[in-house]
Asker: 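Would you mind keeping the following structure in view while I ask a few things?
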Amino acid sequence: MIHPTILRFHPFRIRRHSILAVFGMVCLLGLAACGKKSAPGADGPSLLNVSYDPTREFYAEVNQAFAAKWQRDHGVKPAIKQSHGGSGKQARAVIDGLEADVVTLALAGDIDAVAKAGLLPSDWAGKLPQNSAPYTSTIVFVVRKGNPKGVKDWGDLVGDGVQVVTPNPKTSGGARWNYLAAWAWADKQFGGDEAKVRDYIGRLLKNVPVLDSGARAATTTFAQRGIGDVFLSWENEAYLIEKEFPGKTEIIYPSLSILAEPPVAVVEANAAKHGTAELAKSYLEFLYTPEAQTLAARHFYRPRDSKVSVNFPALELVTVDGKFGGWAAAQKTHFADGGTFDQLYGKK
Amino acid sequence: MSHREITTESRPVRVLLIGAACAVVTVFLLLPLIAVFVEALRKGWEVFFESLRDEAALSAVKLTLTAAAISVPMNTLFGVGAAWVLTKFRFRGRALLVSLIDLPFAVSPVIAGLVWVLLFGSHGWFGEWLDARDIRIIFALPGIVIATAFVTFPFVARELIPLMESQGTDQEEAAVTLGASGWRIFLRVTLPNIKWGLLYGILLCNARAMGEFGAVSVVSGHIRGETNTLPLHVEVLYNEYQFSAAFACATLLAMLALVTLGIKTAIEHLTGHTSAGKH
């Protein structure tokens with residue numbers, strides 16, 4: 001009997017192998033060629049804005065307005081591309097090589113992380129007015145119509161049978177604001193008794209049935225899938241829910257919340273590489289113009305420009321700088337590995 | 001003439017079992033499919049076609065097709081080669097190679113995405129080298145193709161190995177004794193024997209390549225109109241409260257599934273098998 005291994009020695013077999021090898025190399029080279037950054041489109045420069053979750057609708061309008069303005073001033077229309085996701089996740093992607101020209105994230109800590117990776121200078125916050133935060137927001141409660149669980153303030157969130165929806169502070173910027181707002185309230189309530197504050201936060205986390213990765217996923221969980229009684233939400237997202245699901249929800253303003261300052265910055269290393277430094281800078285400066293500030297108000301952000309009229313209820317707002325000693329400190333104490341969140345979450 | 005039942009179960013038991021099977025099929029398979037089409041058309045045909053004509057949707061379709069067009073042929077070539085080597089030859093390490101081919105099936109898609117970020121990301125093993133040459137892999141088309149190719153890697157080989165195993169090497173040996181060259185044996189003897197199994201493998205590979213979410217999501221970067229594949233675009237739309245548009249795009253994926261099933265049934269019909277390529 002002839003053993004099939006004799007096939008192995010046939011010259012044509014060997015040549016077939018080399019054909020395969022050559023084909024494989026061509027495939028890989030083709031891939032690498034695709035990977036070369038293609039030249040910007042003939043009709044204008046392009047800019048990538050990597051942002052967090054609830055800004056989708058806002059930036060869709062800002063991009064249109066800015067592109068029109070840039071075209072008036074420079075004769076070419078820039079293509080502005082968007083990427084959205086949980087703020088922490090987005091920062092991670094930029095660090096891993098997502099070539100954002102500008103980042104517009106939920107909190108300074110996430111841009112600090114990008115700065116630490118060497119993509120922009122560590123004093124980025126001073127490059128634009130008001131801590132580089134062109135609009136602010138706060139954290140409010142969204143409840144089902146008629147507020148069946150009678151939720152009025154932070155203390156009501158730890159009641160028996162109250163389900164609280166909030167995203168994961170490890171990946172979501174909004175969730176970190178939620179967490180700090182709850183902490184600030186408890187700190188005031190219990191006169192700074194940290195044991196009581198920790199107990200409160202622990203009980204609050206126990207009432208959270210799911211931790212989504214981003215604010216938008218949490219919104220869908222609450223509004224679309226109908227899970228939970230209270231949704232700790234960005235103020236702007238809360239109004240958006242009212243708009244998208246009319247008559248289903250109510251917004252409750254707690255006695256105290258936190259001043260959320262979502263910052264913006266040019267990712268200088270990427271912008272320099274793409275030759276978009278000027279475009280990126282104008283784009284962020286545009287956010288401070290009355291036109292963009294009006295858009296911000298329309299999407300329920302609190303504009304910095306006092307001339308833009310808004311009617312948000314006034315409430316006591318603490319700041320991260322004032323209450324927690326800045327984002328770096330807050331991040332380290334509460335959200336880093338082994339921080340208070342890790343200590344208190346899952347402690348059943 | 002008396003009619004004899006071949007089953008021994010009583011009538012109520014049979015009705016119950018058949019009823020249960022039908023209920024499961026309806027709830028788990030039919031209902032979701034119907035729901036996709038109903039939701040997609042909730043706001044009418046106009047919104048439906050509008051969502052499909054949207055620039056971001058078209059770009060997502062194009063990217064999905066491109067990724068499949070590169071990764072499916074790559075995996076087909078590899079799968080045929082691997083199945084040929086593994087079934088027609090005996091060598092040291094063969095068992096290990098068989099297990100290795102299955103690796104992408106065993107690994108969670110998230111990990112399948114993250115490993116490429118670890119290798120090709122800015123801070124990955126080859127990140128610096130790639131950055132210096134301005135080559136982008138992650139958060140661009142090559143990364144999406146690599147992730148897709150990785151998760152669909154085993155489909156063709158897995159389909160062919162049992163088939164070629166059962167066919168043995170007799171026909172090839174006969175061809176060798178008649179003086180045929182290796183290449184000729186492959187084209188004239190092996191390939192005709194496996195063509196239906198091969199087609200079926202390619203079909204499954206393609207369906208998964210176009211539908212892959214997890215691994216691609218990790219390496220995509222989610223740039224609208226640029227690195228969102230069709231499944232990712234569906235998620236984006238859903239998260240933007242554009243439910244009808246999301247489901248309109250989902251119908252494209254559902255259609256792909258239906259076409260895949262149709263071709264599969266046709267293959268089975270042509271080959272006269274109840275299952276093309278048994279597992």
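Every chain is numbered from 1 and lettered A, B, ... according to where its sequence line falls, protein lines coming before strand lines.
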Asker: Pick one of side chain, backbone, both or neither for B/F120, based on which atoms fall under 4.5 Å of a heavy atom in chain A.
Answerer: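 Looking at B/F120, nothing touches chain A.
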
Asker: What part of A/L240 is in contact with chain B, defined as an atom under 4.5 angstrom from a non-hydrogen atom: side chain, backbone, both or neither?
Answerer: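 Side chain only.
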
Asker: Find out whether B/F91 and B/V85 are in side-chain contact, i.e. whether some heavy atom of one side chain is under 4.5 Å from a heavy atom of the other.
Answerer: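 Side chain of B/F91 against side chain of B/V85, heavy atoms only: contact under 4.5 Å found.
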
Asker: A/L119 pairs by side-chain contact (heavy atoms from CB on, under 4.5 Å) with which of A/V94, A/V266, A/V103?
Answerer: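 Result: among A/V94, A/V266, A/V103, A/V94 is the only option passing the side-chain contact (heavy atoms from CB on, under 4.5 Å) with A/L119.
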
Asker: Would you call B/R224 and B/E240 a salt bridge, taking side-chain N to carboxylate O under 4.0 Å as the test?
Answerer: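 Yes, this pair counts.
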
Asker: Give the ring-plane orientation class for B/Y241 versus B/F243, where under 30° counts as parallel, over 60° as perpendicular and anything between as tilted.
Answerer: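 Correct class here is perpendicular.
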
Asker: So which of B/L130, B/D131, B/N239, B/V236 has the biggest tally of heavy-atom pairs under 4.5 Å with chain A?
Answerer: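 Answer, by heavy-atom pair count under 4.5 Å with chain A: B/N239.
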
Asker: Could you tell me which residues in residues 213-222 of chain B have at least one non-hydrogen atom under 4.5 Å from a non-hydrogen atom of chain A, sorted by residue number?
Answerer: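 When heavy atoms of chain A are the reference, residues 213-222 of chain B contributes B/G221, B/H222 within the under-4.5 Å range.
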
Asker: Below 4.5 Å from any heavy atom of chain B, which atoms of A/A117 appear? Answer side chain, backbone, both or neither.
Answerer: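 Looking at A/A117, backbone and side chain both touch chain B.
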
Asker: Could you label the plane-to-plane angle of the B/F150 and B/W116 rings as parallel, tilted or perpendicular, counting under 30° as parallel and over 60° as perpendicular?
Answerer: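 B/F150 vs B/W116 ring planes: perpendicular.
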
Asker: Look up atom CD1 in B/I223 and atom CD in A/Q82, then write down how far apart they are to the nearest 0.5 Å.
Answerer: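 Here the rounded value is 10.5 Å.
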
Asker: Do the charged groups of A/E237 and A/R216 touch, with an N to O distance under 4.0 Å?
Answerer: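 Salt bridge between A/E237 and A/R216, a charged N being under 4.0 Å from a carboxylate O: yes.
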
Asker: Sequence neighbours left out, what passes ring-ring contact (aromatic ring centres under 6.0 Å, His included) with B/F247? Give chain and number order.
Answerer: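 Listed in chain order: nothing, the list is empty.
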
Asker: Which region of A/L98, side chain (C-beta onward) or backbone (N, CA, C, O), has a non-hydrogen atom less than 4.5 Å from a non-hydrogen atom of chain B, or is it both or neither?
Answerer: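 For A/L98, heavy atoms of backbone and side chain both lie under 4.5 Å from chain B.
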
Asker: Might you confirm whether atom CD of A/E61 has over 12 heavy atoms from other residues, nucleotides or ligands at distances under 6.0 Å?
Answerer: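 Yes - once you tally the heavy atoms of other residues, nucleotides and ligands closer than 6.0 Å, there are more than 12.
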
Asker: Relative to chain B, which segment of A/E57 carries a heavy atom at a distance below 4.5 Å: side chain, backbone, both, or neither?
Answerer: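 When you check distances to chain B, only side chain atoms of A/E57 fall under 4.5 Å.
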
